[in-house]
Amino acid sequence: MLEKIRQLLKKRGKEIAYYGGLALLLAALALASHGYRTKRVQAEQVRTPAAITVQAPLPTATPEPTPEPVRWAWPLAGEVVGKYAPDAPVWSGTLMQWQTHPALDIAGSPGEAVYACREGTVADAYSDRLWGNVIVIDHGDGWRSTCRGLNTLKLVEIGQSVAAGDVISAVGPSVPCEAELGPHIHFELTRDGRPVDFEDISGLRSEA
């Protein structure tokens with residue numbers, strides 16, 4: 001048997017070697033191709049994630065608080081019988097003389113309620129021979145209002161806080177130095193000691 005194999009190899013040795021080498025080459029090529037495909041698949045499967053940009057939230061602006069508008073109230077809902085005239089003299093039928101009038105004279109019935117024109121603190125309350133009962137309210141920031149010709153000082157006291165529209169007194173029988181006008185209050189408004197026209201700054205008119 002071995003002798004037959006040796007004779008076969010001797011006769012066809014070159015042919016066997018050729019086909020054997022060819023088989024080894026094909027096997028090597030197949031192995032190399034398999035390895036290339038495996039690496040490519042692995043490379044495609046493992047991808048580097050793209051960078052993610054995280055946008056910072058925009059800062060939220062804090063709205064500034066809107067200041068509440070100043071609230072004004074008419075001290076008395078009556079007819080203006082004496083106009084504001086701080087510069088032009090007007091005739092006083094009671095005193096029989098020309099004089100300026102940095103205030104409003106507002107008519108009312110005796111005992112009719114008189115109101116604080118704006119929030120503030122009662123700064124003074126007193127009786128005067130020419131003006132009758134007088135109440136002064138400090139509204140802050142240099143503002144002051146004065147009501148003259150009142151019938152009582154008992155509804156408020158000095159240092160008391162009041163709000164716009166609070167009742168502070170009532171209309172008296174008359175203002176002694178303006179008696180020709182009948183029952184009314186003499187209402188003055190000042191800022192830093194200078195007279196101010198209440199109708200202008202309040203946005204209200206006498207018929208309000």
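The chain is numbered in sequence order, starting from 1. Owing to the predicted nature of the structure, the values given are computational and were not obtained by experimental measurement.
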(message) Show the nearest heavy-atom pair for residues Ala116 and Ile137, with the distance to one decimal.
(response) CB-CD1, 3.9 Å
(request) Answer yes if the ring centres of Phe187 and Phe198 are under 6.0 angstrom apart, and no otherwise. (result) yes
(message) Salt bridge check, Lys83 against Asp105: does any charged N sit closer than 4.0 Å to a carboxylate O?
(response) no
(message) A side-chain contact here means heavy atoms from C-beta on lying under 4.5 Å apart; do Trp131 and Cys177 qualify?
(response) yes
(request) May I ask you to test the Thr100-Pro86 pair for a side-chain heavy-atom distance under 4.5 Å? (result) no
(message) Less than 4.5 Å apart, side chain to side chain, heavy atoms only: is that true for Cys117 and His139?
(response) yes
(request) Please report the closest heavy-atom contact between Glu188 and Ala103, naming both atoms and the distance. (result) CG-CB, 3.3 Å
(request) Considering non-hydrogen atoms only, spot the tightest contact between Ile185 and Pro75 and give its length. (result) CD1-CB, 4.0 Å
(request) Could you point out which residue of Ile168, Asn133, Val134 forms a side-chain contact (heavy atoms from CB on, under 4.5 Å) with Leu153? (result) Asn133
(request) Please indicate whether Tyr84 has more than 12 foreign heavy atoms, meaning atoms of other residues, nucleotides or ligands, lying under 6.0 Å from its OH. (result) yes
(request) Indicate yes or no: at least one non-hydrogen side-chain atom of Val167 is less than 4.5 angstrom from one of Val114. (result) no
(message) When you compare the side chains of His184 and Glu178, does any donor N or O come within less than 3.5 Å of an acceptor on the partner?
(response) yes
(request) Using the side-chain hydrogen bond (donor to acceptor under 3.5 Å, both in side chains) rule, take Thr121 and Asp138 through it: C-alpha gap first, then chi angles, then the decisive distance, then the call. (result) CA-CA 5 Å; Thr121 303; Asp138 186 344; over 6 Å; no
